[in-house]
2 protein chains.
Amino acid sequence: MSIEQDIQQKAFKSPYTKAVVNIMYTNNWLCSLQSDLLKRYDVTLQQYNVLRILRGQHPNPITVCGIIERMLDKMSNASRLVDKLILKDLVIRKECPHDRRQVDVIITDKGLDLLAELDNQQSEWEAALHKLTPEEALTLSHLLDKLRGSAE
Amino acid sequence: MSIEQDIQQKAFKSPYTKAVVNIMYTNNWLCSLQSDLLKRYDVTLQQYNVLRILRGQHPNPITVCGIIERMLDKMSNASRLVDKLILKDLVIRKECPHDRRQVDVIITDKGLDLLAELDNQQSEWEAALHKLTPEEALTLSHLLDKLRGSAE
DNA sequence: GCAAATTTAATGTAAAAACATTTGATGTCA
DNA sequence: TGACATCAAATGTTTTTACATTAAATTTGC
């Protein structure tokens with residue numbers, strides 16, 4: 001069923017309003033799916049995102065500022081998020097040699113192992129997305145870029 | 001710039017992963033925009049969504065359960081959200097005649113006025129979305145429905 | 001070189017969310 | 001009817017988020 005039925009709304013004011021509501025609704029749908037999966041590994045969605053950013057840099061370190069820049073939702077407590085990951089031995093903090101204000105963060109082997117494990121699980125839920133063809137998925141991305149005014 | 005540049009990622013594993021990340025990124029972009037607007041009126045995004053649900057029913061009441069069903073992100077504390085709205089005189093609680101477990105919630109005139117005011121403001125930020133044509137906005141919605149397996 | 005401004009990360013605090021439990025009301029069925 | 005399951009809403013508790021402030025290091029301009 002379509003978005004109107006999902007949230008039991010009769011009609012939307014404009015195709016734009018409808019698209020916006022649909023993005024938010026779909027986002028929540030995706031987050032729920034993914035959180036359920038991550039919960040089994042005792043990682044939150046935010047922690048998972050930070051881990052993926054760190055893996056993207058590995059074996060290079062990245063500063064807390066760098067993490068915030070790359071995060072999907074910029075928030076101020078990346079610092080505390082790193083704290084949580086350190087408690088689980090998934091990352092380590094290292095002092096930054098050339099600027100002592102900054103703090104380098106690096107993913108540990110344990111963190112990489114966890115991500116590898118999660119990659120496998122991901123295929124399980126990614127299969128749920130294959131109701132779109134690869135071309136449609138790209139079109140979707142392109143439209144979102146354009147919506148944000150980020151299209152080239 | 002496209003999503004890759006926005007979050008400084010080189011490439012995505014698949015068009016599906018890219019679409020999912022883009023949905024989440026765009027959702028955050030939209031929420032920030034909208035929250036900034038709502039903040040001036042001392043309403044949160046969640047409270048705003050509940051108010052719109054209530055307006056959709058007006059002049060009929062709706063139960064707390066009904067609100068949760070229609071919310072974009074189902075959470076358990078719709079009850080407390082209603083509390084907040086009552087404090088601001090935007091809604092009222094009424095006992096439900098035929099089932100004393102349930103509680104009817106109705107939007108007040110003050111609530112309707114606030115929404116009307118916000119509707120005007122909305123056009124301001126909706127203009128930001130007109131980089132898409134109406135047809136593209138509909139295509140976007142359709143692809144999202146299909147992604148969730150909700151296409152007809 | 002030094003004071004002021006800026007940057008980086010951490011921390012304090014209040015509000016909100018997530019999750020479980022409780023309370024009261026209704027439905028079910030022997 | 002009465003025990004038991006179910007349901008609706010509220011409440012308790014812990015964790016997370018949002019927002020502001022602080023502390024230390026670096027940069028800038030004079």
Side-chain angles (χ1 to χ4, degrees), chain A residues 24 27-29 31-40 42-50 53-54 61-88 91-106, chain B residues 24 27-29 31-51 53-54 61-88 91-106:
Chain A
M24 293 181 175
N27 178 69
N28 286 314
W29 182 80
C31 286
S32 303
L33 271 183
Q34 202 158 23
S35 290
D36 287 348
L37 201 158
L38 292 172
K39 215 168 290 171
R40 301 182 221 154
D42 195 31
V43 192
T44 67
L45 193 50
Q46 300 276 35
Q47 291 169 6
Y48 175 60
N49 285 332
V50 170
I53 290 168
L54 292 174
I62 184 174
T63 64
V64 175
C65 256
I67 293 172
I68 292 172
E69 278 172 18
R70 288 166 178 77
M71 279 174 69
L72 296 185
D73 46 355
K74 333 282 184 200
M75 50 188 225
S76 44
N77 53 351
S79 186
R80 269 187 268 238
L81 220 35
V82 170
D83 286 344
K84 295 281 161 61
L85 292 171
I86 287 176
L87 285 178
K88 297 175 191 171
V91 309
I92 53 171
R93 243 194 284 256
K94 233 184 55 178
E95 62 182 82
C96 191
H98 57 279
D99 187 336
R100 285 193 302 162
R101 282 173 305 184
Q102 301 187 122
V103 173
D104 277 342
V105 183
I106 309 175
Chain B
M24 293 181 175
N27 179 69
N28 286 316
W29 182 80
C31 286
S32 304
L33 270 183
Q34 203 158 22
S35 291
D36 287 349
L37 200 157
L38 292 172
K39 213 167 293 169
R40 300 181 222 154
Y41 294 87
D42 195 31
V43 192
T44 67
L45 193 49
Q46 301 276 33
Q47 291 170 5
Y48 175 60
N49 286 331
V50 171
L51 284 177
I53 290 168
L54 293 174
I62 185 174
T63 64
V64 175
C65 254
I67 294 172
I68 292 172
E69 279 171 18
R70 289 167 178 76
M71 279 173 68
L72 296 185
D73 47 354
K74 333 282 183 201
M75 50 186 227
S76 44
N77 51 354
S79 185
R80 268 187 268 240
L81 219 35
V82 170
D83 286 344
K84 294 280 161 59
L85 293 171
I86 287 176
L87 286 177
K88 297 174 190 171
V91 309
I92 53 172
R93 245 193 282 256
K94 233 184 54 177
E95 63 184 80
C96 192
H98 58 278
D99 188 337
R100 285 196 301 161
R101 282 173 304 184
Q102 302 187 121
V103 174
D104 277 342
V105 183
I106 309 174

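The shown structure was predicted, so the numbers you read here are calculated from the model rather than taken from an experiment. Chain identifiers are assigned alphabetically (A, B, ...) following the order of the sequence lines, protein sequences preceding nucleic acid strands; residue numbering begins at 1 within each chain.
- Within the 4.0 Å cut-off from OP1 or OP2 of dA18(D), not a single side-chain nitrogen or oxygen of Lys39(B) is found.
- Within 6.0 Å of the NZ atom in Lys88(A), the count of heavy atoms belonging to other residues, nucleotides or ligands exceeds 12.
- Going from atom NE2 of His98(A) over to atom P of dT26(D) covers 10 Å, rounded to whole Å.
- The CD atom of Gln102(B) sits 11 Å away from the P atom of dA10(D) (whole-angstrom rounding).
- Contact check for Leu51(B) versus Gln47(B): no side-chain heavy atoms found under the 4.5 Å cut-off.
- The CE-P distance, from Met71(A) to dA18(D), rounds to 9 Å in whole Å.
- The NZ-C1' distance, from Lys84(B) to dA15(C), rounds to 7 Å in whole Å.
- Asp42(A) places its CG atom 12 Å from the C1' atom of dT15(D), with the value rounded to the nearest Å.
- Inter-residue side-chain proximity for Met71(A) and Leu81(A) is flagged as met; some heavy-atom pair is nearer than 4.5 Å.
- Out of dA10(D), dC19(C), dG12(C), the shortest distance to the side chain of Arg80(B) is found at dC19(C).
- Closest to the Arg101(A) side chain, of the nucleotides dT26(C), dA18(D), dA24(D), is dA24(D).
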Given the rule in the salt bridge (Lys or Arg N to Asp or Glu O under 4.0 Å) test, do Asp83(A) and Arg93(A) qualify, once you have shown the distances and angles that lead to the verdict? CA-CA 9 Å; Asp83(A) 286 344; Arg93(A) 243 194 284 256; 2.4 Å; yes
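- Between the CG atom of Asn77(A) and the C1' atom of dT22(D) there is a distance of 17 Å, rounded to whole Å.
- Whole-Å rounding puts the Asp83(B) CG to dA15(C) C1' distance at 14 Å.
- Here the P atom of nucleotide dT17(D) and the CG atom of Leu45(B) are 16 Å apart, to the nearest Å.
- Looking at heavy atoms from C-beta onward, Asp104(A) lies in side-chain contact with Pro97(A) at the 4.5 angstrom threshold.
- Comparing Asp99(B) and Val64(A) along DNA chain C, the residue whose closest nucleotide (by nearest heavy atom) sits nearer the 5' end is Val64(A).
- The residue among Cys65(B) and Leu81(A) whose nearest nucleotide of DNA chain D is located toward the 5' end is Cys65(B).
- In this model, the phosphate group of dA17(C) is approached by a side-chain N or O of Gln46(B) to a distance below 4.0 Å at OP1 or OP2.
- At the phosphate of dA9(C), OP1 or OP2 sits under 4.0 Å from a side-chain N or O atom of Thr63(A).
- Contact between the side-chain N/O atoms of Ser79(A) and the OP1/OP2 oxygens of dA10(C) is found at a separation under 4.0 Å.
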